[in-house]
J.: 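Right, I'll just put the structure down here and ask away after.
In what follows, chains are A, B, ... by sequence order, proteins preceding strands, each numbered from 1. Computed from heavy atoms alone, side chains included, the values below leave out hydrogens, waters and symmetry copies.
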Number of protein chains: 2
Amino acid sequence: MDSLDELTHELFTFFNGFSSWENSVIKTSELSVSEAHAIEILGTHGQMKMKTLAGHLGVTTGTTTVTVDRLEKKDYARREAVKEDRRIHLITLTQKGQQAFAEHHQYHSNLTEQILSVLSVEENQQLINILKKINAEAF
Amino acid sequence: MDSLDELTHELFTFFNGFSSWENSVIKTSELSVSEAHAIEILGTHGQMKMKTLAGHLGVTTGTTTVTVDRLEKKDYARREAVKEDRRIHLITLTQKGQQAFAEHHQYHSNLTEQILSVLSVEENQQLINILKKINAEAF
DNA sequence: AAAATTAGTTTGAATATCAAACAATCATAA
DNA sequence: TTATGATTGTTTGATATTCAAACTAATTTT
């Protein structure tokens with residue numbers, strides 16, 4: 001097996017491990033996968049309009065309407081009117097939504113610690129360095 | 001921002017980039033996400049029974065029945081009887097299914113090359129080394 | 001002011017998913 | 001060897017997810 005194949009294999013094994021970990025974490029919450037993703041985006045980037053949220057989620061605005069409806073019903077988010085343009089609604093996390101975001105972030109930190117525990121200090125630095133490069137340039 | 005937070009951020013940025021890349025690749029095909037996942041698992045591990053496939057997919061056997069029905073209808077996979085135990089069906093990729101798997105694998109290689117292009121030879125080696133450790137021990 | 005554009009919602013259809021009930025087959029124990 | 005129990009996979013009924021296209025309301029352009 002050449003180096004390209006080897007890296008491909010390790011990359012996708014890693015990705016799949018991450019995926020199933022993420023899914024199992026979400027299943028412990030009261031949220032669906034799409035709701036959890038919306039909360040993560042809103043928590044990370046702050047309030048935004050429907051169209052921007054749809055863009056981040058990679059789905060249509062129609063789908064996003066439904067997701068935000070459910071989040072609103074469960075009191076994780078709310079729509080806020082904008083005076084300057086009454087077509088626009090800013091989606092904002094409620095207290096409960098921010099709480100859920102914080103909890104989810106804690107889970108992420110836990111996984112990172114788990115990963116760190118199998119790496120040396122030097123490897124940790126290498127990994128940060130490499131990920132920064134990839135994130136900035138590769139996608 | 002401490003080192004743990006920094007790594008958490010880079011890890012999940014990387015994971016999200018990977019996710020949306022994977023989804024956009026699947027959207028170019030005639031396959032749904034769940035069908036593509038099933039093909040990837042069957043292509044990687046070879047033929048297996050429903051229950052094992054369901055386990056790999058992280059869904060119930062009921063859901064897997066539906067997925068395999070569709071793959072069979074589109075001629076990507078077929079059920080094979082087992083003489084020793086007639087309850088079991090081995091799910092096998094057809095020629096067309098293997099073709100689809102090969103194409104998908106090619107996409108994966110392309111992404112890996114894209115990632116490699118922003119790394120030095122040394123960083124490439126570091127990344128393989130680190131991923132191997134994580135995949136073997138962390139999840 | 002009319003026409004075109006934009007933001008978001010609704011609708012109708014296909015797919016995804018689960019839990020629970022079910023049918024067929026196999027294994028075990030009396 | 002039969003009766004009981006366990007396993008494998010399918011079906012069913014319900015809810016969730018998603019999209020494209022039609023639609024409404026508001027804003028911008030001409």
J.: Does a donor on one side chain sit under 3.5 Å from an acceptor on the other, for B/Gln99 and B/Glu103?
T.: yes
J.: Which residues in residues 44-54 of chain A have at least one heavy atom lying under 4.0 Å from any atom of DNA chain D?
T.: none
J.: Check this one for me: any side-chain N or O of A/Arg70 less than 4.0 Å away from OP1 or OP2 of D/dT17?
T.: yes
J.: With sequence neighbours excluded, tell me which residues meet salt bridge (charged side-chain N to carboxylate O under 4.0 Å, His left out) with B/Lys133.
T.: A/Glu123
J.: With sequence neighbours left out, write down each residue that passes salt bridge (charged side-chain N to carboxylate O under 4.0 Å, His left out) with B/Lys132, or none if nothing qualifies.
T.: A/Glu6
J.: Under 4.0 Å from any atom of DNA chain C, heavy atoms only: list the residues of residues 32-43 of chain B that qualify, in numerical order.
T.: B/Ser32, B/Ser34
J.: Let's go through B/Lys74 and B/Asp69 carefully: what are the C-alpha distance in whole Å and the side-chain angles of both, what is the deciding distance for salt bridge (Lys or Arg N to Asp or Glu O under 4.0 Å) to 0.1 Å, and is it a yes or a no?
T.: CA-CA 9 Å; B/Lys74 298 191 203 167; B/Asp69 282 348; over 6 Å; no
J.: Rounded to whole angstrom units, what separation is found between the NE2 atom of B/His89 and the P atom of D/dT11?
T.: 10 Å
J.: Round to the nearest Å and state the distance from B/Lys73 atom NZ to C/dA14 atom C1'.
T.: 12 Å
J.: Applying salt bridge (Lys or Arg N to Asp or Glu O under 4.0 Å), run through B/Arg78 and B/Glu80 and close with a yes or a no.
T.: CA-CA 6 Å; B/Arg78 64 170 179 278; B/Glu80 279 181 7; 3.2 Å; yes
J.: Within this structure, what is the CG-to-P distance between B/Leu90 and D/dT8, rounded to whole angstrom?
T.: 13 Å
J.: Measure the distance from CG on B/Asp69 to P on C/dA14 and round it to the nearest whole Å.
T.: 17 Å
J.: Judged by atom type as modelled, is there a donor-acceptor pair below 3.5 Å linking the side chain of B/Ser29 to the main-chain atoms of B/Val25?
T.: no
J.: Around A/Lys51, counting heavy atoms of other residues, nucleotides and ligands shown, do more than 12 lie under 6.0 Å from its NZ?
T.: no
J.: From CG of A/Leu71 over to P of D/dT17, roughly how many Å is that when rounded to an integer?
T.: 10 Å
J.: Decide whether A/Thr112 and A/Ser109 meet the rule of one side-chain donor and one side-chain acceptor closer than 3.5 Å.
T.: no
J.: Should we say atom OH of A/Tyr107 is surrounded by more than 12 heavy atoms from elsewhere, each under 6.0 Å from it?
T.: no
J.: Who pairs with A/Glu22 by salt bridge (charged side-chain N to carboxylate O under 4.0 Å, His left out), at least two apart in sequence or on another chain?
T.: none
J.: Taking CD1 from B/Ile26 and P from C/dT15, how many angstroms apart are they, rounded to a whole number?
T.: 16 Å
J.: Rounded to whole Å, please give me the gap between CG in B/Leu31 and C1' in C/dT15.
T.: 14 Å
J.: CD1 of B/Ile91 versus C1' of D/dT10: gap in Å, rounded?
T.: 12 Å
J.: Please tabulate, one pair per line, each protein N/O and nucleotide N/O from nucleotides 20-30 of chain D that are separated by under 3.5 Å, including the distance.
T.:
from: D/dT27; atom 1: OP1; to: A/Arg86; atom 2: N; distance (Å): 2.9

J.: Taking the six-membered ring for Trp, are A/Phe12 and B/Phe18 ring centroids under 6.0 Å apart?
T.: yes
